[in-house]
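Shown next, in structure tokens, is the structure this report addresses.
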Amino acid sequence: MTKKYNGPERREFIRLNYTAPLAYKVCKKKTVSKLLDGYASNISQGGLRCNIKEDIAKNNILWLSFDRGILDICREIENKCLIYQNGVLGKVVWAEKHPNNTYDVGIRFLTREEKNLSNIYPKSYFLDKNK
């Protein structure tokens, strides 16, 4: 049983319940061409929680596509986050497996202000045969 956290809120942004389908790709050479699906369960300006069927490791970069037009909060996402081919880029910060073999995954959106963006997304990243 997980203990409920009763301390001060540590999140930078308020989370909104938001259940909607999403499509995603894992940004590795072996998987970048494979479009997968899941659903978002909540969202904030800094990230989202989603439920997916694949086991995604922490620190993987995902391309996420979901209907950003229906939420006011998404205006901030559009202004701040790294958008690529009409999708938002994010980094997996945690993953939790459920007994039904699905995974809840926490994603932190990558922002335009992040340092060394060229190190995160060089074109060679997608061509690296070791990924």
Which value, rounded to the nearest 0.5 Å, describes the distance between I43 atom CD1 and F66 atom CZ? 4.0 Å
Roughly how far, to the nearest 0.5 Å, is OG1 of T102 from CD of E96? 9.5 Å
If we ignore hydrogens and angles and just use 3.5 Å, is the side chain of W63 paired with the main-chain N or O of Y84 as donor and acceptor? yes
Taking V26's backbone N and O only, do any of them form a donor-acceptor pair with T31's side chain (distance below 3.5 Å, no angle check)? yes
Would you mind reporting whether I107 and K91 have side-chain heavy atoms less than 4.5 Å apart? no
Would you say L62 and I56 make side-chain contact, with heavy atoms under 4.5 Å? yes
Between W94 and R49, is the side chain to side chain contact (heavy atoms under 4.5 Å, CB included) condition met? List the steps. CA-CA 10 Å; W94 61 266; R49 178 183 187 144; 3.7 Å; yes
Should I52 and V93 be counted in the same cluster of Ile, Leu, Val, Met, Phe, Trp and Tyr side chains packed under 4.5 Å apart? no
Would you check if Y39 and L22 make a side-chain contact, meaning some heavy-atom pair closer than 4.5 Å? no
Under a 4.5 Å cut-off applied to non-hydrogen side-chain atoms, are N51 and S41 in contact? no
Can you see whether K53 engages N101 through a side-chain donor-acceptor pair at a distance of less than 3.5 angstrom? no
I need the N86 CG to S65 OG distance, nearest 0.5 Å. 6.0 Å
Rounded to the nearest 0.5 Å, what separation is found between the CZ atom of F109 and the CG atom of L64? 6.5 Å
L89 CG to C81 SG distance, which is reported to the nearest 0.5 Å: 9.5 Å
Between K97 and D55, does any NZ, NE, NH1 or NH2 come within less than 4.0 Å of an OD or OE carboxylate oxygen? no
Is there a side-chain contact between K25 and L35 (heavy atoms, below 4.5 Å)? yes
One pair to check against side chain to side chain contact (heavy atoms under 4.5 Å, CB included): L110 and I61. What are the steps and the verdict? CA-CA 9 Å; L110 296 178; I61 304 297; 4.1 Å; yes
Side chains of K34 and Y24 in contact at under 4.5 Å (non-hydrogen atoms): no
